[in-house]
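Below: one structure, written as structure tokens.
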Amino acid sequence: MIVRTQPAFWVVIPAAGVGSRMRADRPKQYLQLGGRSIIEHTLDCFLDHPALAGVAVCIASDDPYWPNLRYANDGRIQRAPGGRERCDSVLNGLRQLGELGANEHDWVLVHDAARPNLARADLDKLLTELADDPVGGLLAVPARDTLKRVGPDGRVIETVDRSVIWQAFTPQMFRLGMLRSALEAALEAGVLVTDEASALEWAGHLPKVIEGRADNLKVTRPEDLEWLAQRWSAGRSH
Ligand SMILES: Nc1ccn([C@@H]2O[C@H](COP(=O)(O)OP(=O)(O)OP(=O)(O)O)[C@@H](O)[C@H]2O)c(=O)n1
Ligand SMILES: C[C@](O)(CO)[C@H](O)COP(=O)(O)O
């Protein structure tokens with residue numbers, strides 16, 4: 001059996017959002033889930049991985065919560081400044097990794113702080129399947145529902161062919177230099193990318209999708225946290 005080794009990797013955790021769609025009393029990454037904050041669960045998805053080189057967490061300058069977490073003093077984690085948009089935060093995180101000794105050819109995984117339910121099997125699948133890829137890629141899930149294109153009047157325009165539609169998740173895994181250059185070029189051109197793969201696509205690359213679990217959900221609205229809390233109350237599934 002061929003055992004494919006996993007490459008050493010760095011992680012950037014964008015965690016500088018305000019969570020407006022959550023309508024909570026604090027940014028959603030600091031809401032409690034099973035007695036700890038969402039961001040702590042998310043960091044736990046990576047911190048015990050043997051191939052982890054280090055983590056940059058992108059934190060808003062006025063964030064009063066991060067300094068009170070025990071991870072704020074963890075030597076494996078460096079704080080990076082949050083930016084106006086998620087892509088700005090990610091770019092700051094990439095630059096911070098450079099401070100930690102990461103080099104242009106190293107793999108970087110960008111993962112939303114708001115995705116605490118990443119399965120170790122999915123993380124290992126991403127690392128293994130993209131280890132020798134010339135571009136990199138992302139965890140994604142094929143569309144499972146019928147999809148409609150809808151007009152401004154709320155009326156269906158058409159049903160979209162879902163056989164070629166995937167939902168992009170995170171982590172998204174790219175070489176540090178390639179990702180930073182692509183993000184800088186896209187932002188310079190005024191292209192507001194909502195994920196890392198979009199920047200690589202804009203630069204003319206073709207990222208690869210790696211199918212992952214659909215429950216690697218991004219906590220975005222109140223019902224997302226309700227669902228996860230209910231799921232985890234019976235003990236975390238993976
Ligand atoms: N300027 C920003 C905006 C978002 N994020 C992070 O990017 C991830 C995904 O973004 P999203 O789900 O949109 O989070 P928010 O922007 O906080 O949510 P909302 O759009 O509802 O305000 C989150 O972990 C968020 O903290 C970030 O680091 N910097
Ligand atoms: C990166 C992402 O989670 C992939 O689906 C998504 O694009 C984040 O978008 P958001 O609007 O910042 O939540």
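Atoms within a ligand are numbered from 1 in the order they appear, just like the ligands themselves.
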### Query
Does the side chain of Leu127 come within less than 4.5 Å of Met173's, by heavy atoms?
yes
Please tabulate, one line per pair, the protein N or O atoms found under 3.5 Å from any N or O atom of ligand 2, giving the distance to one decimal.
from     : atom 1 : to     : atom 2 : distance (Å)
ligand 2 : 3 (O)  : Asp112 : OD2    : 2.6
ligand 2 : 3 (O)  : Arg115 : NH2    : 2.9
ligand 2 : 5 (O)  : Arg115 : NH2    : 3.4
ligand 2 : 5 (O)  : Ala168 : O      : 2.6
ligand 2 : 7 (O)  : Thr194 : O      : 2.8
ligand 2 : 13 (O) : Arg21  : NH2    : 3.1
ligand 2 : 13 (O) : Lys218 : NZ     : 2.6

### Query
Hey, are His41 and Asn117 close enough side-chain-wise for a donor-acceptor pair under 3.5 Å?
no
### Task
Would you mind reporting whether Pro171 and Phe46 have side-chain heavy atoms less than 4.5 Å apart?
yes
### Atom CZ of Arg221 with >12 non-hydrogen neighbours under 6.0 angstrom
no
### Task
Answer yes when Arg213 and Asp215 have at least one side-chain N-carboxylate O distance shorter than 4.0 Å, and no when they do not.
yes
### Query
Would a line drawn from the ring center of His205 to the ring center of Phe174 be shorter than 6.0 Å?
no
## Note on the structure
In chain-and-number order, ligand 1 lies under 4.0 Å from a heavy atom of each of Pro14, Ala15, Ala16, Gly17, Val18, Gly19, Ser20, Arg21, Lys28, Gln29, Gly83, Arg84, Glu85, Arg86, Ser89, Asp112, Ala113, Ala114, Lys218
### Message
Measuring only between side-chain heavy atoms, which start at C-beta, is Asp48 closer than 4.5 Å to Arg120?
### Response
yes
#### Entry: From CG (Leu206) to CD (Glu201), nearest 0.5 Å
8.0 Å
### Query
Is there a donor-acceptor pair under 3.5 Å between the side chain of Arg76 and the backbone N or O of Leu47?
yes
